[in-house]
Amino acid sequence: MTKPSISSVVTSLLISSLVMLAPAAATAQITITKCGQPLSTGANPTTGDALLVLKSAVGQPTNCDTKECACDVNNAGGTTTADALIILKKAVGQPVTLNCPPACFNTPTGPACTSGEFQSRTGSDLDSGWTGVAHNSDLILGASITFDTVRRCSNGEHAVCEVDADCGSGNDCVPTCDCNSDTSCEITGPTQPKNCFNSLSSCTVNADCPSGQPCVFMFGPPLPLSSGGTPVCVISTFASALTGTADSSTGEANTSANLRSRVYLGIQLDKPCPTCGTVDDGPTVGAQFTCGGGPNDGQPCTTNGVSPVFGGTSFDCPPSIGDNVSGAGLAIRFAEVTTGTSSKTAQLPCGNSSFKPNNPLTPGSTPKCIDKVAAGDPVCATNADCKRCTLDPATACTSNTQCTGKGTCAEAPDQPITCGYWCNCGFCNDNPDLPCFENGDCPSGQTCKVGTGGEQSQNFAQQKPNDCSKDKNICGGSVVNGERVEEACATTTQGECSTKPYLNCAAGSTTCQDNDGGVCEISNRPCFE
């Protein structure tokens, strides 16, 4: 069976993959709240921290609603304009001392951490779809998700609690970590301020939003994506709580959450979402600009995330409601999002008729090894019938002696030749709200099945394993410097402009030069093995 690697880590937007799309490979950082820094994560507060505290002081919903320990820098109780002024002085280098409530931080009587943050970092990317065209898309940087560390009762039930009184007489409400001797924290969230469903304006309850719009937790600000000549703007909201564990010392995390991702048609190829600061403006999180495009065009905005390709993005700059092409949003289910590596083995028939006859699960099919599908070639029963040399998948073998200088003789997934074609994207009982890879992803009694919906439906079946069109749809066949290159087609290539990767190009073309996009870079097309 093919094995699409799904290496994922917690990042504020690894999550914005679309239905029928394999999730992302990305990088992230966990940060613990610091005194005077409800927003930033560096060595010292920034003017953005001061502005956020000022907004909180005048009654606007901000991170200070859940990070009062970080915002109350004079230990006077609550968040005031005086706190904002102290942080501003610290940010510009004046010799002031921050004095947050000691019980909230590292003291002998209190835990060193009560909350934390996942924040996207340089190098985070998203691999969308199975064709490879939309792989390696840059995510926005600096966007964050905040969470609380969980506390549990000291008695045998270990119920979740907030204070000792929740646990009954004689029991204590104990933190699941202290970020000192015990750095592995059980977490729950999200806890950042909420936003209205469509307008994206700040809110605390549904009544703060326009009629009919719920007040919800967002999974980062709008995400601009552009590939294959199609720009889209993606907005993701939490459809369930964020739960799991995070280690404040190593940055390791393992979480789960369900999301809804709404897909909006982009404004233009180089501007998928309304901007809050263009690339030329050099936007940073917390910077002030005006919205470029969308219903709030020309209005003031604060940058909440930065795309290295498309510029700043902001909750203040939503896309136009009429451009939504996904209704209430596509269901994105993350049973496990980890800073480690996880993989899923594709085990569903593909939807395209060209691949169905060569799949053991298709009634009446006569599956063959995918590199030998001619009329006279023998059929296979399992991957063991399709052994090949690991460094030369073109060489069939039954023992290592036949692979001298070509690796070892092995069956898939150690080499990419499988018995029949397999796909990985399905739906529990064909329900588009329950995407799955295997039966274990489904509620008890339900089966992970190939989707039956039409091309415009959310339960549209994955059509083929990959788009390695010149490689018999075999992913991972090329060998470079004596090692097999996994998750790349052997001979199928694609071209992208070096400074504007959303522009496709061909060898010898002037597309990139004509559009100030650098040079045309030809590479082996990415694929899921």
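The first residue of the sequence shown is numbered 1, and numbering continues consecutively from there. As a basis for the values below, the full set of heavy atoms in this structure was taken, side chains included, without hydrogen atoms, waters or symmetry mates.
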Side chain [X], main chain [Y], donor-acceptor under 3.5 Å:
{"X": "Asp281", "Y": "Pro283", "answer": "no"}
{"X": "Ser498", "Y": "Val519", "answer": "yes"}
{"X": "His135", "Y": "Gly129", "answer": "yes"}
{"X": "Thr313", "Y": "Pro222", "answer": "yes"}
{"X": "Lys368", "Y": "Ala374", "answer": "yes"}
{"X": "Asn304", "Y": "Phe315", "answer": "yes"}
{"X": "Ser314", "Y": "Asp316", "answer": "yes"}
{"X": "Thr303", "Y": "Gly286", "answer": "no"}
{"X": "Gln402", "Y": "Asn400", "answer": "no"}
{"X": "Ser226", "Y": "Asp270", "answer": "no"}

Assess, by modelled atom type and distance only, whether the side chains of [X] and [Y] contain a donor and an acceptor separated by less than 3.5 Å.
{"X": "Asn254", "Y": "Glu252", "result": "no"}
{"X": "Ser469", "Y": "Asp471", "result": "no"}
{"X": "Asp280", "Y": "Thr278", "result": "no"}
{"X": "Thr146", "Y": "Thr191", "result": "yes"}
{"X": "Glu117", "Y": "Ser144", "result": "yes"}
{"X": "Asp414", "Y": "Thr390", "result": "no"}
{"X": "Arg388", "Y": "Gln415", "result": "no"}
{"X": "Asp247", "Y": "Thr183", "result": "yes"}
{"X": "Ser261", "Y": "Ser236", "result": "yes"}

Gap between atom [atom2] of [Y] and atom [atom1] of [X] - 0.5 Å precision:
{"X": "Phe427", "Y": "Thr447", "atom1": "CZ", "atom2": "OG1", "value": "15.0 Å"}
{"X": "Phe147", "Y": "Glu186", "atom1": "CZ", "atom2": "CD", "value": "12.0 Å"}
{"X": "Thr255", "Y": "Phe118", "atom1": "OG1", "atom2": "CZ", "value": "5.5 Å"}
{"X": "Leu126", "Y": "Ile140", "atom1": "CG", "atom2": "CD1", "value": "11.5 Å"}
{"X": "Cys301", "Y": "Leu200", "atom1": "SG", "atom2": "CG", "value": "12.5 Å"}
{"X": "Glu529", "Y": "Ser343", "atom1": "CD", "atom2": "OG", "value": "10.5 Å"}

> Between Pro319 and Pro274, is any pair of side-chain heavy atoms under 4.5 Å apart?
Replying inline: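 Touching, per the 4.5 Å side-chain cut-off.
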
> Mind checking whether Asn424 and Gln462 have side chains closer than 4.5 Å, heavy atoms only?
Replying inline: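 They are in side-chain contact.
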
> Partners of Asp441 by salt bridge (charged side-chain N to carboxylate O under 4.0 Å, His left out), sequence neighbours excluded?
Replying inline: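 Counting only residues at least two positions away or on another chain, Asp441 forms a salt bridge (charged side-chain N to carboxylate O under 4.0 Å, His left out) with Lys344.
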
>> Using disulfide (SG to SG under 2.5 Å), reason through Cys489 and Cys468 one step at a time and then give a plain yes or no.
In response: CA-CA 6 Å; Cys489 304; Cys468 299; 2.1 Å; yes

Quick check on [X]: does its [atom1] atom have over 12 non-hydrogen neighbours (other residues, nucleotides or ligands) under 6.0 Å away?
{"X": "Lys464", "atom1": "NZ", "result": "yes"}
{"X": "Glu455", "atom1": "CD", "result": "no"}
{"X": "Glu483", "atom1": "CD", "result": "no"}

> Between Asp433 and Arg260, is a salt bridge (Lys or Arg N to Asp or Glu O under 4.0 Å) present by the stated rule, with each step listed?
Replying inline: CA-CA 9 Å; Asp433 290 337; Arg260 281 282 181 176; 2.8 Å; yes

Is it true that the SG atoms of [X] and [Y] are less than 2.5 Å apart?
{"X": "Cys317", "Y": "Cys276", "value": "no"}
{"X": "Cys380", "Y": "Cys386", "value": "no"}
{"X": "Cys185", "Y": "Cys177", "value": "yes"}
{"X": "Cys497", "Y": "Cys520", "value": "no"}

>> For a side chain to side chain contact (heavy atoms under 4.5 Å, CB included) check, start with the C-alpha distance between Asn358 and Val373, then their side-chain angles and the critical distance, and finish with the verdict.
In response: CA-CA 8 Å; Asn358 189 24; Val373 293; 3.6 Å; yes

>> Against Cys436, only a single residue in Cys442, Cys428, Cys448 fulfils disulfide (SG to SG under 2.5 Å); can you say which?
In response: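 The option that passes is Cys448.
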
> Is the distance between the ring centroids of Phe238 and Phe217 under 6.0 Å?
Replying inline: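 Ring centres of Phe217 and Phe238 not closer than 6.0 Å.
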
Listing, residues 403-411 side-chain donor-acceptor contacts under 3.5 Å, not counting sequence neighbours, or none:
| unit_1 | atom_1 | unit_2 | atom_2 | d |
| --- | --- | --- | --- | --- |
| Thr404 | OG1 | Thr401 | O | 3.3 |
| Lys406 | NZ | Asp392 | OD2 | 3.4 |
| Lys406 | NZ | Thr395 | OG1 | 3.3 |

>> Check this for me, if you would: do Arg262 and Asp323 make a salt bridge, where the nitrogen-to-carboxylate-oxygen distance has to be below 4.0 angstrom?
In response: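 Asp323 and Arg262: not salt-bridged.
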
>> Against Arg525, only a single residue in Thr131, Thr493, Asp467 fulfils side-chain hydrogen bond (donor to acceptor under 3.5 Å, both in side chains); can you say which?
In response: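 Filter result, single survivor: Asp467.
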
>> For a side chain to side chain donor-acceptor pair (under 3.5 Å) check, start with the C-alpha distance between Asn359 and Ser365, then their side-chain angles and the critical distance, and finish with the verdict.
In response: CA-CA 6 Å; Asn359 190 292; Ser365 68; 6.0 Å; no

>> Applying side chain to side chain contact (heavy atoms under 4.5 Å, CB included) to Thr237 and Leu259, what does each step give before you reach the verdict?
In response: CA-CA 6 Å; Thr237 58; Leu259 308 172; over 6 Å; no

